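Structure record follows, encoded as structure tokens.
As the structure is a computational prediction, the values presented were derived from the model and not from experiment.
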Amino acid sequence: MDHARSVLTTVTERLDAARENYPAAAAWPWRTGVVACAWMVVFAAFHCYWALGGTFGLPPGESLVDNTPLFVIDLIAIPMNLGGAALALALVQPWGLVFPRRLVLTGAWGCAALMVFHAAPAMVDLAVYLTGQRDEPLTGEDRFSVLLYEPYWMLGGLLFTVLALDFQRRTSAPGGERP
């Protein structure tokens with residue numbers, strides 16, 4: 001019981017110190033955090049739906065239940081997305097300042113990089129498609145990937161980039177020293 005009380009006291013002290021030393025997120029980063037959280041929750045919900053056998057939002061004829069490797073990846077993605085939702089809120093809520101700055105920024109920049117690098121090749125395909133430079137029409141699977149799935153990933157990456165930059169700026173100590 002004493003250990004739990006000690007941990008709670010430490011967390012409370014860190015939160016109070018963070019509130020005193022670092023400004024709260026402005027309205028636009030806060031909204032960005034909420035949108036990023038929703039992005040992650042929607043993606044987690046789709047992964048749950050797909051894990052239960054749903055096929056909406058998948059390429060035609062695809063089912064994760066019939067594909068063991070994709071099914072396992074899907075099950076791993078659910079808690080990762082929910083963790084990302086919590087991270088998005090931690091980047092804009094005072095309680096996020098309780099965690100070590102480096103840990104929060106590593107998570108934020110990791111999410112941003114993963115999502116942007118995942119979507120970047122398809123963004124080239126999207127630009128080629130939108131400018132009419134594509135020689136052949138998109139197949140059903142390509143349409144899904146280039147027009148919906150990958151832009152959704154890019155949106156998530158850009159949201160986390162904005163959040164990471166804002167958190168980094170707000171939590172930098174004066175004089176360039178980092179807490």
Side-chain angles (χ1 to χ4, degrees), residues 11 14-15 18-19 22-123 126 140-171:
V11 168
R14 288 192 69 168
L15 185 55
R19 284 183 178 149
Y22 302 109
W28 69 266
W30 185 85
R31 287 185 194 108
T32 304
V34 170
V35 171
C37 176
W39 185 100
M40 288 293 211
V41 169
V42 167
F43 215 38
F46 265 100
H47 281 289
C48 289
Y49 169 73
W50 293 331
L52 294 171
T55 59
F56 178 77
L58 292 175
E62 185 75 42
S63 170
L64 298 187
V65 175
D66 300 332
N67 187 329
T68 303
L70 285 180
F71 182 72
V72 170
I73 290 169
D74 193 59
L75 293 179
I76 293 169
I78 295 166
M80 287 180 67
N81 281 298
L82 294 176
L87 175 62
L89 293 179
L91 289 161
V92 296
Q93 295 288 326
W95 57 263
L97 298 169
V98 170
F99 301 102
R101 180 177 186 270
R102 183 173 287 164
L103 177 67
V104 175
L105 284 172
T106 299
W109 283 116
C111 283
L114 172 71
M115 292 177 209
V116 167
F117 288 126
H118 185 284
M123 295 301 97
L126 179 61
E141 193 170 314
D142 288 341
R143 261 194 313 279
F144 168 78
S145 177
V146 171
L147 300 176
L148 179 66
Y149 188 73
E150 298 302 340
Y152 190 75
W153 274 84
M154 183 60 75
L155 172 63
L158 295 175
L159 289 169
F160 272 92
T161 298
V162 167
L163 291 172
L165 286 169
D166 178 68
F167 186 84
Q168 193 167 317
R169 179 192 56 81
R170 281 188 303 110
T171 60

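Two residues are said to be in side-chain contact when any heavy atoms from C-beta on lie closer than 4.5 Å; P29 and R170 fail this criterion.
With rounding to the nearest 0.5 angstrom, the CG atom of L105 is 11.0 Å from the CG atom of L163. With values rounded to the nearest 0.5 angstrom, T106 atom OG1 is found 10.0 Å from R101 atom CZ. Summarising the geometry, atom CH2 belonging to W153 is positioned 5.5 Å from atom CH2 belonging to W39; distances are rounded to the nearest 0.5 Å. Interatomic distance, OH of Y49 versus CG of D74, reported as 12.0 Å (0.5 Å rounding). Separating the CZ atom in R169 from the CG atom in L165 is a distance of 10.0 Å, to the nearest 0.5 Å. Atoms OG1 and CG, from T171 and D166 in turn, are 9.0 Å apart once rounded to the nearest 0.5 Å.
Note: W50 and F43 have perpendicular aromatic rings, judged against thresholds of 30 and 60 degrees for the angle between ring planes. Aromatic ring orientation, F99 versus W95: perpendicular (interplanar angle above 60°, classes split at 30° and 60°).
Nearest heavy atoms, A51 versus V65: O-CG2, 3.7 Å. The shortest non-hydrogen separation linking I76 to P79 is O-CD, 3.3 Å. Residues I78 and H47 share a closest heavy-atom pair of CG1-CB, 3.5 Å. C111 and M40 make their closest contact through SG-CE, 4.3 Å (heavy atoms, listed as atom of the first residue, atom of the second, distance). Considering every non-hydrogen atom in both T55 and S63, the closest pair reads CG2-CB, 4.4 Å. For L82 against A44, the heavy-atom pair with the smallest separation is CD2-CB, 3.8 Å.
Under the 6.0 Å cut-off for aromatic ring centres, F167 and W109 do not qualify, their centroids lying 6.0 Å or more apart.
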>> As a quick check of understanding, evaluate side-chain contact (heavy atoms from CB on, under 4.5 Å) for N67 and E62, giving each step before the final call.
In response: CA-CA 9 Å; N67 187 329; E62 185 75 42; 3.9 Å; yes
> How far apart are the C-alpha atoms of L91 and F160, what are their side-chain angles, what is the distance that settles it, and do they pass the side-chain contact (heavy atoms from CB on, under 4.5 Å) test?
Replying inline: CA-CA 9 Å; L91 289 161; F160 272 92; 4.2 Å; yes
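Among residues two or more places apart in sequence or in another chain, the side-chain contact (heavy atoms from CB on, under 4.5 Å) test is passed with L103 by P100.
Within a 6.0 Å radius of CE in M80, other residues, nucleotides and ligands contribute 12 heavy atoms or fewer.
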